[in-house]
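Worksheet: one structure, shown below.
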Amino acid sequence: MSKADLRPYKGISPKIAKSAYVDQASCLIGDVTIGEESSIWPMVVARGDVNYIKIGDRTNIQDGSVLHVTHKNAENGFLGKPLIIGNDVTVGHKVCLHGCILEDACFIGMGATIMDGTVVQSGAMVAAGALVAENKVIESGWLYAGVPAKKFRELNDKEKTWLLKSAKNYVGFSKEFAQDQNLEK
């Protein structure tokens with residue numbers, strides 16, 4: 001792993017699997033967990049300050065993305081919304097994820113925004129530039145597009161296969177970057 005900007009918050013530090021790649025130009029703050037063979041690319045900010053962020057295995061968060069959560073408040077019983085990202089997920093460049101759930105093997109296109117309480121089901125795709133409002137369900141096997149995002153069309157077999165291929169490709173890219181930068185994996 002690289003010498004990324006890893007910052008504790010209220011005594012909680014990011015936890016990163018040894019096989020993960022975290023670019024030195026990224027910033028992880030507080031309660032952030034990164035799974036095996038996942039990758040965090042340049043200029044990603046993951047701020048697990050007022051709730052937690054959990055990223056599964058073989059997931060890639062591409063350049064310039066912002067990951068955040070909704071505040072939990074024990075005094076009034078409000079649990080807030082953590083950010084939970086499953087395994088084999090591809091998150092494109094400049095994506096904003098806020099207090100949502102991305103299940104396994106889904107794809108979020110460049111510049112998309114996904115808001116609090118939304119669930120992107122396994123095998124779903126959100127188009128580049130889409131805005132997914134709060135508390136939506138993005139259904140498995142479908143592409144959602146637009147502002148606000150709406151069900152656009154069913155994914156074809158090639159696209160469904162590509163969801164896992166994309167995640168696998170980024171595992172390879174991260175290993176190349178780590179080796180090129182003489183980082184331990």
Side-chain angles (χ1 to χ4, degrees), residues 4-17 20 22 26-35 38-41 43-140 142-151 163 167:
D5 187 358
L6 305 177
R7 301 181 194 179
Y9 181 76
K10 293 190 175 181
I12 301 172
S13 295
K15 297 169 208 64
I16 302 163
V22 179
S26 63
C27 181
L28 309 180
I29 302 168
D31 197 354
V32 177
T33 302
I34 311 291
S38 286
S39 55
I40 307 295
W41 294 89
M43 308 312 289
V44 168
V45 175
R47 210 173 100 208
D49 52 359
V50 296
N51 215 319
Y52 68 92
I53 296 172
K54 183 177 186 314
I55 299 172
D57 300 334
R58 299 170 307 282
T59 287
N60 61 89
I61 311 296
Q62 295 174 23
D63 313 59
S65 292
V66 175
L67 314 181
H68 198 233
V69 292
T70 303
H71 193 274
K72 60 182 174 182
N73 185 336
E75 292 174 13
N76 65 13
F78 183 65
L79 298 177
K81 303 280 188 219
L83 174 59
I84 301 170
I85 303 173
N87 301 324
D88 303 302
V89 174
T90 293
V91 175
H93 309 290
K94 291 180 63 178
V95 167
C96 181
L97 301 175
H98 203 278
C100 56
I101 296 172
L102 308 182
E103 293 181 348
D104 296 343
C106 61
F107 179 91
I108 311 301
M110 294 182 287
T113 299
I114 302 179
M115 295 302 298
D116 304 84
T118 289
V119 176
V120 178
Q121 293 180 339
S122 295
M125 186 180 286
V126 175
L131 171 62
V132 181
E134 292 181 340
N135 301 313
K136 301 297 180 192
V137 175
I138 304 303
E139 295 177 45
S140 180
W142 286 85
L143 169 66
Y144 283 70
V147 177
K150 296 186 187 318
K151 190 186 273 188
L163 293 173

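Ser65 places no side-chain N or O within donor-acceptor distance of the main-chain N or O of His93, the cut-off being under 3.5 Å. In terms of modelled atom types and a separation under 3.5 Å, the side chain of Thr118 and the main chain of Lys136 share a donor-acceptor contact. Thr59 places a side-chain N or O within donor-acceptor distance of the main-chain N or O of Asp88, the cut-off being under 3.5 Å. Of the possible polar contacts, none joining the Asp57 side chain to the Asn87 backbone as a donor-acceptor pair under 3.5 Å is found. Panel note: side chain Tyr144, backbone Val120; no donor-acceptor pair is recorded below 3.5 Å. Of the possible polar contacts, none joining the Thr113 side chain to the Leu97 backbone as a donor-acceptor pair under 3.5 Å is found. Of the possible polar contacts, none joining the Ser13 side chain to the Leu6 backbone as a donor-acceptor pair under 3.5 Å is found. A distance-only check finds no donor-acceptor pair linking the side chain of Gln62 to the backbone of Gly92 [under 3.5 Å].
Screening Ile16, Thr33, Ile61 for a side-chain contact (heavy atoms from CB on, under 4.5 Å) involving Ile55 leaves a single residue, Ile61.
At a threshold of 4.5 Å between non-hydrogen side-chain atoms, the residues Met110 and Lys94 do not count as touching. Counting heavy atoms from C-beta outward, Ile34 and Leu28 have side chains that approach closer than 4.5 Å. Taking the side chain as every heavy atom from C-beta outward, Tyr52 and Ile84 approach each other to under 4.5 Å. Proximity of Cys27 to Arg7: side-chain heavy atoms (C-beta onward) are separated by under 4.5 Å at one or more points. By the 4.5 Å heavy-atom criterion applied to side chains, Val91 and Leu102 are counted as neighbours.
The existence of a salt bridge linking Asp31 and Lys15 is confirmed by a sub-4.0 Å separation between a basic side-chain nitrogen and an acidic carboxylate oxygen. Salt bridge Lys81/Asp116: absent, no basic N to carboxylate O contact under 4.0 Å.
Checked by atom type, the side-chain pair Asn60/Thr90 shows a donor-acceptor distance below 3.5 Å. Looking only at atom types and distance, the side chain of Asn51 has no donor-acceptor partner in the side chain of His68 under 3.5 Å away. Remark: the Ser39 side chain and the Trp41 side chain contain an N/O donor-acceptor pair separated by less than 3.5 Å.
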